[in-house]
Amino acid sequence: MEFTVSQIAELLGGKVEGNGEAKIKMLGKIQEAKSGEISFLSNPKYEPHIYETNASAVIVKKGFSPKKKLNTSLILVDDPYSSFTVLLEEYHKFISFQKSGIEEPSFLGTNSKVGDDVYRGAFSYIGENVKIGNNVKIYPHAYIGDNVEIGDNTIINAGVKLYANTKVGHHCVIHSGCVIGSDGFGFAPQSDGSYKAIPQMGNVVIGNYIDIGSNTVIDCATFHGDSTKIDDGVKIDNLVQLAHNVKVGKHTVIAAQTGVSGSTEIGSNCVIGGQVGIAGHIKLANKTSVGAQAGISKDTKEGSKLWGTPAIDVMKYQRSYAVFKNLPDLNFRLKQLEQKVLNLPTFRESE
Amino acid sequence: MEFTVSQIAELLGGKVEGNGEAKIKMLGKIQEAKSGEISFLSNPKYEPHIYETNASAVIVKKGFSPKKKLNTSLILVDDPYSSFTVLLEEYHKFISFQKSGIEEPSFLGTNSKVGDDVYRGAFSYIGENVKIGNNVKIYPHAYIGDNVEIGDNTIINAGVKLYANTKVGHHCVIHSGCVIGSDGFGFAPQSDGSYKAIPQMGNVVIGNYIDIGSNTVIDCATFHGDSTKIDDGVKIDNLVQLAHNVKVGKHTVIAAQTGVSGSTEIGSNCVIGGQVGIAGHIKLANKTSVGAQAGISKDTKEGSKLWGTPAIDVMKYQRSYAVFKNLPDLNFRLKQLEQKVLNLPTFRESE
Amino acid sequence: MEFTVSQIAELLGGKVEGNGEAKIKMLGKIQEAKSGEISFLSNPKYEPHIYETNASAVIVKKGFSPKKKLNTSLILVDDPYSSFTVLLEEYHKFISFQKSGIEEPSFLGTNSKVGDDVYRGAFSYIGENVKIGNNVKIYPHAYIGDNVEIGDNTIINAGVKLYANTKVGHHCVIHSGCVIGSDGFGFAPQSDGSYKAIPQMGNVVIGNYIDIGSNTVIDCATFHGDSTKIDDGVKIDNLVQLAHNVKVGKHTVIAAQTGVSGSTEIGSNCVIGGQVGIAGHIKLANKTSVGAQAGISKDTKEGSKLWGTPAIDVMKYQRSYAVFKNLPDLNFRLKQLEQKVLNLPTFRESE
C-alpha cells in the first residue's frame with residue numbers, strides 16, 4: 001500500500017494543509033509514528049505530540065490551529081478518530097484480503113459451489129453440498145462440514161470448525177479454533193443414574209457483519225428445523241460458550257470467557273462483560289448491561305445494569321459489597337451494642 | 001431414512017391408531033412438524049397442538065383419548081418422551097455414521113491397526129503404534145498421537161487432538177477442538193524466582209459411553225504409569241478444564257467452562273454447574289451437586305448441594321445472599337440503634 | 001533410554017551406595033516403581049516406602065542412614081527432589097525430541113527459512129517469510145502464519161495457530177489448540193448502535209523458556225509496531241485469555257481459565273489463580289498473588305495477596321466471608337436488639 005496525502009484526504013472527504021504529495025505507507029500512533037506513516041489527533045491532551053511527531057501526515061479536526069511550527073502535513077476532517085477508523089479498515093481489508101487462490105493439497109467435496117476470488121488455504125476441508133460466496137477467505141486447516149453456507153466477503157481463519165448445516169452470513173470474521181455447530185449438552189437422565197444423549201439435530205445460523213473470537217464454541221439447536229441464532233452485527237470475544245438454542249440479538253457485544261446456557265435469549269444492544277454466566281431458558285431484554293463475572297439467573301428489564309451472583313442492580317451490588325468489606329467490624333459493633341444493652345440498669349430491671 | 005408408521009411402532013413396541021402406512025422421513029416438534037414427520041406428546045399442556053399438527057404421526061401415552069378429531073396417526077406407548085428419545089438416537093446414529101471410507105490425503109503411521117468400517121477424513125493424522133476399533137469415525141484434521149487406543153463405535157470430530165498414549169473407550173463422542181493428554185501445569189519453583197517444568201509423563205484414560213464437548217482440555221497425569229481418568233458414562237460440556245491426575249467417577253455431569261485443579265477426585269453421579277472452580281487435591285463425594293460459578297475448596301459429603309466461593313450449603317448461601325442484598329440497610333439500622341442507645345438517659349448515666 | 005546407576009549418579013554429581021551397574025530405564029514413584037526404575041526420597045514421611053520399594057535405585061539426601069535393610073541402590077545428593085527433576089527433564093527431552101524429519105504432505109511457503117533438525121509433521125503449514133530456528137518441533141496441523149519467527153528448541157504442538165507476524169523465542173512449549181495473534185476485541189460504537197471493528201495490526205511477542213497451555217488465546221496488539229508481550233519464563237495454563245496489548249512480566253504464573261482484559265500490565269513473579277478476571281488498563285505490581293475466581297479491578301501493590309470480586313486483601317476477604325456465612329443470624333440478632341431497645345421503659349419515656 002502506498003498513497004499520497006492528497007489521495008487519502010480525498011478518500012476521507014478532508015482538506016490538505018501542507019505537502020499533499022508526501023507518501024503514506026502505514027498507520028501509526030502519533031507518539032511513535034515514523035516518516036511514511038499517518039496518524040490522528042482527536043483527544044486535545046495529545047496535542048503536544050503533533051509538534052514532535054515524525055508522521056508524514058496527521059488527521060485533525062477542522063478548525064485546528066497549530067500553536068507551534070509543524071513538520072507534518074495535516075488532513076482536516078469533521079471527526080479525526082472516525083476518519084482514522086475508516087483508514088484502519090481500508091488497510092485491514094487490504095492486508096486480510098491479499099490472500100487468494102488455492103493452495104494444495106486442499107479438499108473440496110462433491111456438489112459444492114465456491115464463488116469468485118475465494119482463497120482456499122492448504123489443508124482446508126470443504127465437505128459436500130457446500131455453498132461459498134464470493135471473496136471468501138478460507139485459511140489452512142479450516143473445516144467446513146456438509147451443507148454449510150457462507151456469504152460473500154467472510155473470513156474463516158485457520159483451524160475454524162463449522163459442523164454440517166451451519167449457515168454464516170456475509171462480511172463475518174471467524175477466528176482460529178472457533179467451533180460452530182457442535183452438539184448441545186443435552187442428556188436425559190435414566191433410572192439407573194446414567195444419561196442418554198439427546199441427539200442434537202438443529203443447526204447454527206450466523207447473520208451478517210459478525211465477529212467471533214478464537215476458540216469460542218456455539219452449539220447447534222436440539223430439534224431439526226431449530227437454530228441457535230446470532231443476529232447481524234453481534235461481536236463475540238474469545239473462549240465464549242453459547243449453548244444449544246441460544247439467540248443473540250443485533251449489535252450485542254459479549255466479552256471473553258462468558259457462558260450462556262441453553263435456550264436463553266439475549267436481546268439487542270446488550271453489553272455482556274467477561275466471564276459472565278447466564279442461566280438457561282431466560283430472556284435478557286434489549287440494552288441489558290452485565291458486569292464481569294456476574295451470574296444472571298432470571299429475566300432482565302430493558303436497560304438494566306447488573307452485577308454479582310446472582311446478579312442484582314450494579315449500584316446496589318456495589319453498596320452491599322462496600323458493607324461486606326467491613327462485615328467483621330459491623331459484627332463487632334453489633335456485639336458491643338448487645339453488651340451495652342444487656343448491661344443497661346433499666347434493661348436488667350425490665351427483664 | 002424412510003419408514004412407515006407401523007415400522008416405527010414395532011421398533012418402539014407401541015400400537016398404531018390411524019394410518020400405519022404413512023411415510024416418516026424426519027422428526028419434529030409437535031408445533032412445527034410438517035407432513036412426513038413424527039412428533040410426540042408428553043406434557044399435557046401441549047395437547048392442543050395435537051389437533052392442529054401437520055405431523056404424519058404423533059407418539060402418545062397409552063390411554064390417550066383425543067377430545068377432537070385428529071388429522072394424524074398415533075403410536076401409543078408407555079412413555080412417549082423416552083420413545084421419542086429412542087427414535088432421536090436411531091436417527092442420530094443414521095446421520096453420524098453415514099461417513100465411511102478414507103478420504104485423501106490422510107496420514108497413517110507405521111505399526112498402526114485400524115478396525116473395520118472406519119472413516120478417516122482428509123487431513124486426519126494417525127501416529128505410530130495406534131490401535132483403532134471397528135466403526136470408529138475420525139473426522140478431518142483429527143490428530144491421533146503415537147500409541148493411542150480408541151474403542152469401537154467412537155466418534156472423533158474434526159480437529160480433536162489426542163496426545164501420545166491417550167486411551168479412549170468405546171461409544172464415546174469427542175467434539176471438535178478438544179485436547180486430551182497435553183502436559184499438566186506443574187512447575188517447580190527455583191531459588192532465583194524462575195520455574196522448572198516438571199515433565200508430565202502419565203496419560204489420560206477415557207472410559208466408555210463418554211461425551212466430551214468442544215475445546216475442552218484434559219491434561220495427562222504427571223508420573224509414568226499414572227492416568228488422569230474419566231469413568232464410564234461421564235458427560236463433559238464445552239471449554240472445561242481437567243488438570244493432571246484428576247479422576248471423574250461414573251455418570252458425573254460437568255457443565256461448560258468449569259475447571260478442576262490437579263489431583264482432585266470427583267465421585268460418581270455428581271452434577272457440576274457451569275464455570276465452577278474446584279481446588280486441587282480434594283475429594284468430591286458421590287452425588288455432590290455444585291451451583292454455577294461456585295468455588296469448591298475442600299472435600300464434600302455425599303449428596304451435598306453447594307454454592308458460593310468458597311462454597312457452602314446452597315440454602316445457606318441463598319439466605320446469606322438475601323441479607324447481603326440489604327447490607328446497606330442493615331448497616332443503617334445498626335447505626336441508628338447505636339445512636340439510640342447512646343442517647344438513652346439511663347445509658348448516659350450508667351457510663 | 002537405558003543407563004546404569006553410576007552413569008546417573010555422575011550426571012547428578014551424586015555418590016552411589018549399592019550396585020552401580022544396575023540398569024535404569026524409567027522413572028517412577030517410590031510406592032509404585034518397578035525393577036529397572038529409579039525414584040527419589042525427599043519428604044521423610046515417605047521413608048517407610050524405601051524399605052519396600054521395587055525400584056532399582058532411589059535418590060536420597062546425603063547423610064541418609066537406612067534403619068532397615070535395603071533392596072535398592074542409593075544415589076546420595078544434596079537435594080533429592082531437585083535431582084529427580086533434573087532426571088525428569090532429561091527424560092522428557094529424550095521423549096519430546098525424538099520426532100524429526102519431514103512428514104508429507106506438509107506446506108512450506110516461499111522465502112521461509114527452516115533451521116537444522118526441525119520436525120515438520122504431516123499437514124503442518126508454514127507461510128511465507130517465516131524464520132524457524134534449529135531443533136524446533138512443529139507437530140501436525142500446526143499453522144505458522146506469514147512472517148512468524150520461532151527460536152531454537154521450541155515445541156509447537158499439534159493444531160497450534162500462530163497468526164502472521166507472531167514472534168516466539170527459544171525453549172518454549174506451546175500446547176495444542178493454542179491461538180496466538182488473533183484480532184483483539186476492539187470495536188468503535190457507532191451512532192446507530194452498531195459497532196465498527198478497529199483493525200488490530202500489532203503482533204504478539206513471546207519470550208524464551210515460556211510454556212503456554214492448550215486452547216489458550218493471546219490476541220495481537222492494536223497498533224502497528226505495538227505488541228502483546230510475554231516475558232521470559234512465564235508459565236500459562238490451559239484456556240487462558242490474554243487480550244490485546246497485555247504485558248506479562250518475567251516468571252509470572254497464570255492458572256487455567258483466567259482472563260486478562262486489554263492493555264493491562266502484569267508484573268513479574270506474580271501468581272494468578274484459576275478463573276481470575278482482570279480488568280483492562282490496570283497494572284499489577286510484581287509479586288501480586290491472586291486467589292482463584294477473584295476479579296481484579298484496579299492497580300495492585302507489590303506483594304499484595306488478593307481475593308474476591310472486586311478483589312480485596314485475602315485475609316480481609318476471608319474474615320468478611322466468615323461473617324457473610326452467618327448473615328441471617330446477624331440480621332436476627334439486630335432485629336432482636338432493635339426490639340429490646342424499643343421496649344426499654346426508659347427508651348419509651350425518652351421518646
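First the proteins, then the strands, lettered A, B, ... as listed; each starts at 1.
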Using 0.5 Å steps for rounding, measure from the CD atom of E338(B) to the CZ atom of R333(A). 4.0 Å
4.5 Å side-chain heavy-atom contact, H175(B) and V179(A): no
Proximal component of F223(A), with respect to chain B [non-hydrogen, under 4.5 Å]: side chain
From F187(A) CZ over to D237(B) CG, what is the distance, rounded to the nearest 0.5 angstrom? 8.0 Å
Reported CG-to-OG distance for the pair D219(A) and S214(B), which is rounded to 0.5 angstrom: 6.0 Å
Highest number of heavy-atom pairs under 4.5 Å with chain B: which of Y125(A), F107(A), Y143(A)? Y125(A)
dist Y163(A):OH -> N157(B):CG (nearest 0.5 Å) comes out at 3.5 Å
Tightest non-hydrogen contact, residues H251(B) and G193(A), listed as CB-O, 3.3 Å
Only counting residues at least two apart or in another chain, list the ones meeting salt bridge (charged side-chain N to carboxylate O under 4.0 Å, His left out) with D78(B). K62(B)
Under 3.5 Å: donor-acceptor pair, side chain of Q257(B), backbone of T258(A): yes
Would a distance-only check, ignoring hydrogens and angles, find a side-chain to backbone donor-acceptor pair under 3.5 Å from H141(B) to F123(A)? yes
For A122(A), is it the side chain, the backbone, both, or neither that has a heavy atom closer than 4.5 Å to a heavy atom of chain B? neither
Between D226(A), D313(A), T216(A), I198(A), the one whose heavy-atom pairs under 4.5 Å with chain B are most numerous: D226(A)
What part of P105(B) gets closer than 4.5 Å to chain A, counting heavy atoms only: side chain, backbone, both or neither? side chain
Which atoms of P189(A) come close to chain B, meaning under 4.5 Å heavy atom to heavy atom: side chain ones, backbone ones, both, or neither? neither
Among the listed options E32(B), E103(B), K325(B), the residue most often paired with chain A at heavy-atom distances under 4.5 Å: E103(B)
So which residue, D329(B), V173(B), V253(B), ends up with the most heavy-atom pairs under 4.5 Å with chain A? V253(B)
Per-residue contact mode, V271(B) against chain A (heavy atom under 4.5 angstrom): side chain
With only heavy atoms counted, which part of V276(A) is less than 4.5 Å from chain B, the side chain, the backbone, both or neither? backbone
Heavy-atom cut-off 4.5 Å, strictly under: side chain, backbone, both or neither for L330(A) against chain B? both
Chain B contacts, top residue of G308(A), A188(A), S297(A), G259(A) (heavy-atom pairs, under 4.5 Å): G259(A)
Under 4.5 Å from any heavy atom of chain A - which part of I212(B): neither
Can you tell me which portion of N269(B) sits under 4.5 Å from chain A's heavy atoms? Options are side chain, backbone, both or neither. side chain
With a 6.0 Å cut-off (strictly less than), is the heavy-atom count around NZ of K287(B), excluding the residue itself, greater than 12? no
Are D192(A) and K250(B) close enough for a salt bridge, meaning some N to O gap below 4.0 Å? no
Taking NZ in K305(A) as the centre, count heavy atoms belonging to other residues, nucleotides or ligands within less than 6.0 Å. Is the count above 12? no
Examine whether an atom of S106(A) lies under 4.5 Å from a heavy atom of chain B, and if so say whether it belongs to the side chain, the backbone or both; otherwise answer neither. backbone
For V240(A), is it the side chain, the backbone, both or neither that has a heavy atom under 4.5 Å from a heavy atom of chain B? backbone
Give, for atom NZ of K235(B) and atom OG of S194(A), the distance between the pair rounded to the nearest 0.5 Å. 8.0 Å
For F324(B), check ring pair (Phe, Tyr, Trp, His ring centres under 6.0 Å) against everything at least two apart and list the hits. Y317(A), Y321(B)
Whatever's closer than 4.5 Å to a heavy atom in chain A on Q318(B) counts as neither
Given that the side chain runs from C-beta out, which part of Q190(A) has a heavy atom under 4.5 Å from chain B: side chain, backbone, both or neither? neither
L239(A) portion near chain B, given a 4.5 angstrom heavy-atom threshold: both
At a heavy-atom distance under 4.5 Å, which candidate from A33(B), G159(B), G177(B) has the highest pair count against chain A? G159(B)
Does either side chain, that of N326(B) or that of R319(A), offer a donor lying less than 3.5 Å from an acceptor on the other one? no
Interface moiety of F84(B) toward chain A, non-hydrogen atoms closer than 4.5 Å: side chain
Below 4.5 Å from any heavy atom of chain A, which atoms of K34(B) appear? Answer side chain, backbone, both or neither. neither
OG1/T309(A) to CD/Q293(B) distance, rounded to the nearest 0.5 angstrom? 4.0 Å
